[in-house]
Structure formats: structure tokens, C-alpha cells
Amino acid sequence: MPLHILVLGGTTEARRLAEDLVDVDGLRVTSSLAGRVAQPRLPPGEVRVGGFGGAEGMAEWLRAHHVDAVIDATHPFAGTISFHAASAAAAVHVPLLALRRPGWVPVEGDRWHAVESLAAAARLLPELGRRVFLTTGRVGLAAFAGLDSLWFLMRSVDAPEAPCPPRMEVLLERGPFSLEGERELIRRHRVDVLVTKDSGGDATAPKLTAAREAGIPVVVVRRPPVPPGVPVAGTPKEALDLLRALLP
């Protein structure tokens, strides 16, 4: 019987990992997607969509489907599911590892302001600018809803839901984004401050270069920690190597 690997996905790295895993003899791969994106890019192998019902629900699913290992390859800011996975894997006694793309690192010329939350970013914004390029996704916009003196350009894959900032233009786009496109967007909309989460990766990094070239400040929301004791891989290859070491 093949070993059953559950990949908690939704990221580019999760799809690449699933592509690698399905080619390994003796493995059965199921990718789990949260279902928050209307038209997700499906990975190879089996796919389930939707929540588990908390840590207990995930533990029941792991038992019922005879899962042998779990790889948490969710978005760096999907913190709740990561802690549910840690609890569920411990309850069922199966190995768990996390796949997290490395975070961004400031370079000379960057004007970064690191904060711990979207609420902290919102408190800081009035000191930094008036025309905000908001790239933190459609979840959490309520943190900025009270900033009626600022104008926001908000970019996300799917349309946002209220509450939102009262003065806001929405761009429905999916990365990767080019450096030239980000330069033009900042210029055309006269953006004077950028807000982003430290998601890492190359697909959305050009906005940081464009902001540096334009000399505008960037508010960077730090990513939450991985649950204690969970081994972390930085690339799909590292995750596959770590999985081999963890499995019997």
C-alpha cells in the first residue's frame, strides 16, 4: 500500500511539491485547498477543497484516510491552519513538516517599516503617505476601513468584501507581476506608500524594487511563526528530502 501524504496547499510551492511527490513511486498525494479563491490552480494528484473543522476535524480526517505524513505548504500568513495541523498531527502521531518560502530581506535604499499586524500598519500609514498601494489581500481590510483621509489602491485575486476603506480602487489581478508593470502602476496612481505582507518569493517581489526606485516607504507586516517543534524546509526539494528523512 502506498504511503499517503497530505499537502496543505494553496501556494505555488505547494503545487510544485505535489508535482514532485506524484512522481515518487510508493506515494499517494492529496492536496487540500482552503477554497477561498474562486478559481484556484489545481495541483496534480488528489485534491480536496474546504476546511476540516478545526484541529479535531483534521485529526479525524487523517485517521479516516490513513495519512502517513502531513506537509504544511500553506501561505506564510495562514497561521491558524498551521497550528491546527500541528495539533492534529501530534494527536494522530504522524510526522509534520512545514514548507515556507524564505522571507524578503531589505537592501540598501529600502525604506521599510516592519510591523506585527495589519492594525499596526493602519496606525502607521497617516505618518507616511496619502496614496496607499495595499497588497495584503482581501482579508483584513477592516483594519484600514477607518482611514477616510487616505486613498487606497487595493490589489487581490478576488473581489474584497466590506468593511473596506471608503476611498479605494480595486485591481483584480494574479501574479507574477513584472518590474515594469509595478513601476508604471506606482507612477500612474501617484502612490506614495506601499503596504505588504512578508510573503516572500519572486512572484510579487518586483513591487519592492519599484518602491525602492521611487523612494517611497514600505510597511511590511511580519509573518507569524511556524508552530514550535515543526521542522521547516525552504524549497520543495528541501521538503522532499526532509520528508524522506521523517518517514520510516
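Fair warning: this is a prediction, and the values are worked out from it, not measured in the lab.
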Answer yes if the side chains of [X] and [Y] hold a donor-acceptor pair under 3.5 Å, and no otherwise.
X	Y	result
Thr135	Arg155	no
Thr30	His65	no
Ser82	Arg100	yes

| query | Does Arg190 make a cation-pi contact with Trp151, if we ask for NZ or CZ under 6.0 Å from the ring centre and within 45° of the axis? | reply |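 Judged by the rule (NZ or CZ under 6.0 Å from the ring centre, within 45° of its axis), Arg190 is not positioned above Trp151.
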| Arg48 NZ/CZ over Phe52 ring centroid, <6.0 Å and within 45° of normal |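 Cation-pi check for Arg48 and Phe52: passes.
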Salt bridge [X]-[Y], side-chain N to carboxylate O under 4.0 Å:
X	Y	result
Arg212	Asp110	yes
Asp20	Arg16	no
Lys207	Glu182	no

| task | Identify the heavy atoms of Pro231 and Leu246 that sit nearest to each other, and give their distance. | result |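 Taking every non-hydrogen atom into account, CG-CD1, 4.3 Å.
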| task | Just grab all the ring pair (Phe, Tyr, Trp, His ring centres under 6.0 Å) pairs involving residues 98-144, residues at least two apart or on different chains. | result |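 Those involving residues 98-144 are Phe144-Phe152.
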| task | Taking side chain to side chain donor-acceptor pair (under 3.5 Å) as the test, write out the residues that go with Arg63, two or more places apart. | result |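 Side chain to side chain donor-acceptor pair (under 3.5 Å) check on Arg63 returns nothing, list empty.
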| request: Mark yes when over 12 heavy atoms from residues, nucleotides or ligands other than Glu56 sit less than 6.0 Å from its CD; otherwise mark no. | output: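 No, not enclosed.
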| request: Would you mind telling me which of Val230, Leu97, Leu62 makes a side chain to side chain contact (heavy atoms under 4.5 Å, CB included) with Val70? | output: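 Exactly one option meets the side chain to side chain contact (heavy atoms under 4.5 Å, CB included) with Val70, and it is Leu62.
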